[in-house]
Amino acid sequence: MTLSLRAAFDAASPRVTPRPMPLWSLMIYLAMLGVWALLFGRALWLNNIWAWSAGIVYILYDTMLMSMVAWQTWPLRHALPTPSTTTQLPRPTIGIVIACYNEVLHIPATLDAIFAQSVQPDLILIADDGSTDDTAWMLADRYDLTATHASTSHPMLRWLQLPRMGKAQALNAALLKMNTDIVVTLDADTFLQDGALENISDAFARDPKLVAAGGILVPFCDTSPTGRAMEFFQTYEYIRNVISRFAWMRINSLLLISGAFAAFRREPLIAVGGFDAECLVEDYELTHRMHRYSVDHDLGWTLSIVGGALARTEAPSRISAFLRQRRRWFAGFLQTQFWNRDMTGNGFYGQLGTRMLPIKAMDTLQPIYGLTAFFLLVVLIVTGHGLVALSVGGLIAAKIAADFLAFMWSIHLYKRITGGRTNANFGAALLAAILEPFSFQLLRHAGAAWGWLAFLRGNNEWGVGARSVATENEAG
């Protein structure tokens, strides 16, 4: 960061300038841990269904969240994609930053998707984070692009050659080169769909208080059997997550706008200091900082998800890559929760403080509850408590039915929000609801438990990610 950007970050970041943690915030976190210890202990001396109390609490909590999402999004049941406002409002200028490292195989397809947009960006900046592959040769050969000259075939295309510094620092370096109203961050393996930039542009034109907006990501994996299975589960996971974000957006408590396809108003982004290089999930941390800055300065900023802005993004195709991804995500989530612990339960931050962040506090232990429930169920079966295990099975069956209803609602709403652009269907959703508790959900919890270990050890390394192509690149 330059001195000015660094100074803005230091002033806005609770990591650099910590706030005192109120007693009620501490009590919320201690209560979550204490309840888990009590419920786990109960299993040691009970021989009935209450021996599985940890699982019961886990099911009740997850069902409560699903019910809350349905309640908050019920008014959207008749919502349709917002029509274009091109003729009514002036469009803001848009710049796209593609921070990449060794992505020579993905960049051409990413750029082709941008060039095919109905609304073209005013600037495309490839922030090359010290690539050691053929990125430089490809840019020069295919686009006549060098570090000192814009592309002759696409004058808006520029290349920023950087030493290896990490994604967040590369984004900050690119941010200082941007002069557009809106800055879009786009991963090199994320491909915009028709109308994505137009819908992003319209969203910012309509709402002058909008400072950050996310598109809707559609995951894809390779065509191997494992890849197909991982794409199946992640597709329905992403759909439910999108609907959940719409629920929180309605009470201005949206905390996750994926940096794989995100848009920010440039001046507010600079005001809060850009991206935090010390966080494993710089996009998630940034939204917290934006909410905090807005409340502290009484600015009334809003954050949003744009239903018509879709992009396909590459997701892990192998279990090992998935676990590493979720380790990083959850460790970064814990980092952000810890740095913003003073906001939890704090009425000064409105419903974000009193509703969203206490739920996120509970989410820190949700995977531990989930793995504990599975472990206790196995113990009940192995130790011959068949009747108790059968009762537990009944609860799990009821939870699967509730999950299927949540899937149905999510798919219905997702189709309306995205204009029907999804291959999801109710039959596949039923299969996902049945299989998830004994497969994909356990993988998610295992990755999150690994994230806990990384957080406690202070490990802020991204690790290695896997691509669907024949090479493995460092995630970033």
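Only heavy atoms go into these numbers, but all of them, side chains included; no hydrogens, no water, no symmetry mates.
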Verdict with reasoning, T185 to F264, per side-chain contact (heavy atoms from CB on, under 4.5 Å): CA-CA 8 Å; T185 62; F264 304 93; 4.1 Å; yes
State, with a plain yes or no, whether a side-chain heavy atom of [X] is found less than 4.5 Å away from one of [Y].
| X | Y | value |
| --- | --- | --- |
| H412 | K415 | no |
| R158 | K177 | no |
| I368 | M32 | no |
| V218 | T418 | no |
| L5 | I270 | yes |
| Q72 | W248 | no |
| R328 | V281 | yes |
| P75 | R250 | yes |

side-chain hydrogen bond (donor to acceptor under 3.5 Å, both in side chains) between D144 and T152, worked out: CA-CA 6 Å; D144 192 27; T152 55; 3.0 Å; yes
Verdict with supporting geometry, I98 and I114, side-chain contact (heavy atoms from CB on, under 4.5 Å): CA-CA 11 Å; I98 304 173; I114 296 173; 4.0 Å; yes
Please check if any side-chain donor atom of [X] sits under 3.5 Å from a side-chain acceptor atom of [Y], or the reverse.
| X | Y | answer |
| --- | --- | --- |
| T180 | D122 | no |
| Q337 | T364 | no |
| T132 | N102 | yes |
| D363 | Y61 | yes |
| S201 | R91 | yes |
| Y236 | E436 | no |
| T226 | S224 | no |
| T190 | T313 | yes |

salt_bridge(R265, D207) N-O dist < 4.0 Å: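 Salt bridge: no.
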Salt-bridge present (D112, R142; N to O < 4.0 Å):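 Yes, this pair counts.
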side-chain contact (heavy atoms from CB on, under 4.5 Å) between L254 and T287, worked out: CA-CA 8 Å; L254 179 63; T287 58; over 6 Å; no
So, for [X] and [Y], which heavy atoms are closest and what is the spacing to 0.1 Å?
| X | Y | result |
| --- | --- | --- |
| A99 | L171 | CB-CD2, 3.8 Å |
| A311 | F261 | CB-CD2, 3.8 Å |
| C279 | E285 | SG-CB, 3.7 Å |

Greater than 12 external heavy atoms within 6.0 Å of [X]'s [atom1]:
| X | atom1 | value |
| --- | --- | --- |
| D141 | CG | yes |
| H149 | NE2 | no |
| D296 | CG | yes |
| I319 | CD1 | no |
| M64 | CE | yes |

Atom [atom1] in [X], atom [atom2] in [Y]: separation rounded to 0.5 Å?
| X | Y | atom1 | atom2 | answer |
| --- | --- | --- | --- | --- |
| I107 | T135 | CD1 | OG1 | 4.5 Å |
| Q325 | F330 | CD | CZ | 14.0 Å |
| E198 | I94 | CD | CD1 | 10.0 Å |

Six-ring centre of F338, R341 cation under 6.0 angstrom, axis tolerance 45°: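 Yes.
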Is a side-chain donor or acceptor of [X] paired with a backbone partner of [Y] at a separation under 3.5 angstrom?
| X | Y | value |
| --- | --- | --- |
| T235 | E231 | yes |
| Q234 | M230 | yes |
| R421 | G308 | yes |

Plane angle bin for Y284 and F333 - parallel if under 30°, tilted between 30 and 60°, otherwise perpendicular: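 The rings of F333 and Y284 sit tilted, inter-plane angle from 30° to 60°.
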Parallel, tilted or perpendicular: rings of F322 and F440 (30°, 60°):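 Correct class here is tilted.
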Verdict with reasoning, Y238 to Y414, per ring-ring contact (aromatic ring centres under 6.0 Å, His included): CA-CA 10 Å; Y238 276 45; Y414 185 89; over 10 Å; no
Working for side-chain contact (heavy atoms from CB on, under 4.5 Å), residues L357 and L255: CA-CA 9 Å; L357 287 172; L255 283 179; 3.8 Å; yes
Name of the residue among R15, R289, H288 meeting side-chain hydrogen bond (donor to acceptor under 3.5 Å, both in side chains) with D276: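 That would be R15.
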